[in-house]
2 protein chains.
Amino acid sequence: MTLRDVSEASGVSEMTVSRVLRSRGDVSEATRQRVLEAARSLGYVPNKIAGALASQRVNLVGVIIPSLSNMVFPEVMTGISEVLEDTGLQPVVGVSNYHHDREEQVIYEMLSWRPSGLILAGVEHSEASRAMLAQAGVPIVEIMDVDGDPVDSAVGISHRRAGRQMAEAIIAAGYRRIAFLGTHMPTQDTRARKRLEGFEEALAKAGLSLVDREYYTGGSSLLQGRAMTEALLKRSPDVDFLYYSNDMIGAGGLLWCLDQGLDVPGKIGLAGFNGMELLDGLPRKLATMDACRLEIGQQSAEIVAGKRPGGAGAREVIELTPTLDLGDTIRK
Amino acid sequence: MTLRDVSEASGVSEMTVSRVLRSRGDVSEATRQRVLEAARSLGYVPNKIAGALASQRVNLVGVIIPSLSNMVFPEVMTGISEVLEDTGLQPVVGVSNYHHDREEQVIYEMLSWRPSGLILAGVEHSEASRAMLAQAGVPIVEIMDVDGDPVDSAVGISHRRAGRQMAEAIIAAGYRRIAFLGTHMPTQDTRARKRLEGFEEALAKAGLSLVDREYYTGGSSLLQGRAMTEALLKRSPDVDFLYYSNDMIGAGGLLWCLDQGLDVPGKIGLAGFNGMELLDGLPRKLATMDACRLEIGQQSAEIVAGKRPGGAGAREVIELTPTLDLGDTIRK
DNA sequence: ATGAAAGCGCTAACAG
DNA sequence: CTGTTAGCGCTTTCAT
């Protein structure tokens with residue numbers, strides 16, 4: 001089923017059919033109807049591959065994220081879709097599973113479809129990836145994180161600063177024996193690592209250091225959070241604050257503490273990261289810091305779509321400011 | 001940057017370059033290296049648009065789901081990716097937001113890229129969608145639900161049967177004054193509706209009917225579940241069982257009941273749907289029914305990839321059997 | 001307002 | 001093992 005079939009069925013040249021189907025140029029209403037009717041009755045679906053090859057234009061924007069199960073990314077996607085909606089551009093999702101090698105493959109795969117732009121999480125990529133991105137000739141937007149050296153544009157928060165800020169709030173609230181619980185992903189989950197770095201930096205400035213730490217691998221879950229918290233508190237019962245690398249394990253830890261009848265936030269405080277509204281209905285609200293996910297999605301899409309003040313192709317690095325929420329788990 | 005550039009840089013014909021880059025046919029190791037080197041140093045990324053047009057082959061599989069934030073779908077995606085991994089096929093995600101109109105657009109958009117197959121949630125689609133799917137000439141797999149009339153293949157569970165089975169378990173446990181709490185999506189969330197239909201059918205068979213019901217619109221969350229539960233129990237304090245259309249609002253309801261000090265599952269029982277392991281660390285385990293999400297993803301991908309016994313293009317309808325888990329919220 | 005010709009960058013099919 | 005020749009189905013550009 002090709003344009004030619006529609007052309008024959010409607011008795012008009014392929015060119016005119018093409019014009020009707022793309023609503024380009026002047027076509028008399030009569031032929032327009034005739035063509036539309038023919039296309040509809042044949043069930044014609046245009047071949048974008050041929051169209052893209054001929055026009056050298058592809059209405060796709062690649063979006064590369066580490067994981068779909070992280071909850072963080074769906075919200076970013078929402079922001080992206082929202083903005084792309086009325087630009088004629090379509091997002092296409094790729095998943096890297098937190099692996100730079102995998103990410104490199106996905107970037108290669110995506111660029112081979114010659115998209116109109118690429119949005120990808122993080123500013124750390126393999127050498128080869130950076131080279132491809134730099135060569136791509138389309139807008140590249142690195143999102144989530146601005147602590148680094150973006151290839152082109154970037155929209156995100158400073159995770160180092162976020163970690164620092166949380167540490168300052170915790171210290172200000174009077175906690176002193178602070179422990180960390182989080183992902184064990186030395187290179188992959190760089191953003192969690194940067195938060196921890198900023199956190200420890202601020203502790204050091206106050207003459208403190210982490211009293212204990214507990215790492216895990218694999219997905220985050222309430223159960224994981226409970227288990228880690230139990231392990232850590234058994235080992236270091238005198239800890240007075242638990243800083244988690246994300247809200248999910250933080251919430252698990254919170255539930256465990258409440259089960260144990262611990263005095264939260266009096267004797268022990270807790271904090272996570274992300275501002276996952278999903279967890280809002282729990283018995284207590286976990287202290288957290290929102291990562292501006294929706295806004296990151298929106299602004300990155302605007303850059304790709306050339307909707308920003310500077311116009312298309314203008315390089316931009318946008319640092320957003322996360323909001324700290326003390327919830328019910330840090331003394332006020 | 002085209003094949004031609006690599007051809008010139010390496011002094012070999014375009015055809016040979018093409019062969020090297022696709023590892024097709026015999027090429028001497030010497031030229032192979034020369035070509036690879038040239039391609040690498042130029043930073044050449046093949047143009048799949050041209051390749052696909054020439055070869056009439058596209059290694060993409062469209063996956064159309066209602067929402068990314070539903071938690072249910074990431075797990076399906078995991079199953080799909082897992083299986084497609086070593087087939088050379090790549091999933092491409094599209095989101096319909098539970099709207100048939102939007103779904104129709106996404107189907108059209110996807111088919112216009114001539115993918116190797118399509119996997120989509122549900123068996124209810126617009127007339128135009130069904131027509132396009134029927135015409136597509138590639139494997140189409142409708143997933144999640146088998147209560148209906150699939151266009152081609154299907155993999156899922158019977159939601160009607162699932163609802164029935166849950167009702168039977170609840171009745172068997174001795175609950176009699178049963179209420180329903182769930183999404184108000186008359187046409188869109190058909191699967192929730194079918195579960196409710198099956199549920200009421202089984203109640204009727206036992207001479208019972210729903211004592212009350214509470215609907216909501218918008219996303220599912222713990223907070224939503226709490227609010228609905230409070231509203232319903234204020235209105236009908238004598239209810240002894242709460243059947244929720246999904247685990248998220250069910251968990252919210254459970255937390256509310258526990259806060260109120262209600263005797264769960266003695267005086268009042270609760271059940272949800274989905275088997276969301278995410279919620280596993282809550283104080284009590286909600287009764288639920290797992291929807292075989294991972295397996296649905298895997299099997300649908302196998303069909304698209306032509307990996308099933310019947311070989312490629314064989315139509316199949318696979319009904320999986322969900323597992324009932326009474327958790328801690330149905331008396332035993 | 002409509003049509004004809006010439007590719008877009010690659011690969012299938014065949015020759016050597 | 002390597003090269004040549006034709007397209008793939010559409011859009012661009014230029015006529016008419």
Side-chain angles (χ1 to χ4, degrees), chain A residues 1-36 38-39 42-60 88 108-109 111-116 135-138, chain B residues 1-36 38-39 42-60 88 108-109 111-116 135-138:
Chain A
M1 176 67 43
T2 70
L3 252 197
R4 163 170 230 131
D5 298 311
V6 182
S7 159
E8 283 171 0
S10 59
V12 193
S13 78
E14 290 185 41
M15 201 48 239
T16 301
V17 173
S18 168
R19 280 196 269 253
V20 170
L21 265 26
R22 289 175 299 145
S23 348
R24 279 280 162 69
D26 292 322
V27 180
S28 76
E29 187 54 26
T31 41
R32 215 181 82 83
Q33 289 307 334
R34 204 133 46 86
V35 169
L36 254 25
L42 290 174
Y44 172 69
V45 176
N47 185 329
K48 288 222 179 191
I49 297 175
L53 184 60
S55 66
Q56 309 279 66
R57 227 166 306 155
V58 178
N59 68 333
L60 300 177
Y108 186 80
E109 184 75 18
L111 287 182
S112 74
W113 287 100
R114 301 293 187 268
S116 296
Q135 286 260 320
V138 292
Chain B
M1 177 65 46
T2 69
L3 250 197
R4 161 169 232 132
D5 299 312
V6 182
S7 159
E8 283 170 1
S10 60
V12 193
S13 79
E14 290 183 40
M15 200 51 235
T16 300
V17 174
S18 169
R19 281 196 268 254
V20 170
L21 265 25
R22 287 177 301 145
S23 349
R24 278 282 162 68
D26 293 320
V27 180
S28 76
E29 187 55 25
T31 40
R32 217 181 80 83
Q33 288 306 335
R34 202 135 46 85
V35 169
L36 253 26
L42 290 173
Y44 172 69
V45 176
N47 185 328
K48 289 223 179 192
I49 296 175
L53 183 61
S55 66
Q56 307 279 65
R57 230 165 302 146
V58 178
N59 69 334
L60 300 176
Y108 185 80
E109 186 76 17
L111 287 181
S112 74
W113 288 100
R114 301 292 187 267
S116 296
Q135 286 259 319
V138 293

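Proteins get letters first, then strands, A, B, ... in listed order; numbering begins at 1 in each.
Closest approach to the B/Ser13 side chain among C/dT11, D/dC8, D/dG3 is made by D/dG3 (side chain taken as heavy atoms from C-beta onward). Counting only heavy atoms from C-beta on, A/Thr2 has its side chain closest to D/dC10 among D/dC10, C/dT11, C/dA1. Nearest to the side chain of A/Leu3, among C/dC8, C/dA12, D/dC10, sits D/dC10. Each of C/dC10, D/dT4, C/dG3 was ranked by its minimum atom distance to the side chain of B/Met15; first place goes to D/dT4. Side-chain proximity of A/Ser28 to C/dA4, C/dT2, D/dC10: nearest is C/dT2. Distances from the side chain of A/Asn47 to the nucleotides C/dT11, C/dC8, D/dC10 place D/dC10 closest. Checked against D/dG3, C/dC10, D/dT12, the side chain of A/Arg22 finds its nearest nucleotide in D/dT12. Taking every side-chain heavy atom of A/Thr31 into account, C/dT2 is the closest of D/dG9, C/dT2, D/dC10. Which of D/dG3, D/dC10, D/dC1 sits closest to the side chain of B/Thr16 comes down to D/dG3.
Under the 3.5 Å distance criterion, with hydrogens and angles disregarded, a donor-acceptor pair is assigned to the side chains of B/Ser18 and B/Arg22.
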Residue pair B/Thr31, B/Val20: steps toward the side chain to side chain contact (heavy atoms under 4.5 Å, CB included) verdict: CA-CA 9 Å; B/Thr31 40; B/Val20 170; 5.7 Å; no

Would you check, one step at a time, whether the test side chain to side chain contact (heavy atoms under 4.5 Å, CB included) holds for B/Lys48 with A/Ile49? CA-CA 9 Å; B/Lys48 289 223 179 192; A/Ile49 297 175; over 6 Å; no

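Residue A/Gln56 places none of its side-chain N or O atoms closer than 4.0 Å to OP1 or OP2 of D/dT12. For the OP1/OP2 pair of C/dC10 and a distance below 4.0 Å, the side-chain nitrogens and oxygens of B/Ser55 include no atom meeting the criterion. Not one side-chain nitrogen or oxygen of B/Tyr44 sits closer than 4.0 Å to the OP1 or OP2 atom of C/dG9.
For the pair B/Arg24 CZ and D/dC1 P, the computed distance is 17 Å after rounding to whole Å. Here the C1' atom of nucleotide D/dT11 and the CG atom of A/Leu21 are 13 Å apart, to the nearest Å. Between the CG atom of B/Asp26 and the C1' atom of D/dG3 there is a distance of 15 Å, given to the nearest Å. Rounded to whole Å, atom P of D/dG9 lies 9 Å from atom CZ of B/Arg114. Atom CG of B/Asn59 is separated from atom P of C/dT11 by 12 Å (rounded to the nearest Å). The interatomic distance linking A/Leu53 (CG) with C/dC8 (C1') rounds to 4 Å, in whole Å. Across the protein-nucleic acid pair, A/Lys48 atom NZ and D/dC8 atom C1' stand 18 Å apart, rounded to whole Å.
Across all strands, B/Arg19 comes closer than 4.0 Å to base atoms (heavy-atom distances). Using a 4.0 Å heavy-atom criterion, one finds that B/Arg57 contacts the sugar-phosphate atoms exclusively.
Among all heavy-atom pairs drawn from A/Glu14 and A/Ser7, the shortest one is N-OG, 3.5 Å. Closest of all the heavy-atom pairs between B/Val35 and B/Val6 is O-CG1, 4.1 Å.
Across the interface with DNA chain D, nearest-nucleotide mapping of B/Glu14 and A/Arg4 shows B/Glu14 to be the residue nearer the 5′ end.
Here CG of B/Leu60 is found 5.0 Å from CH2 of A/Trp113. Values are rounded to the nearest 0.5 Å.
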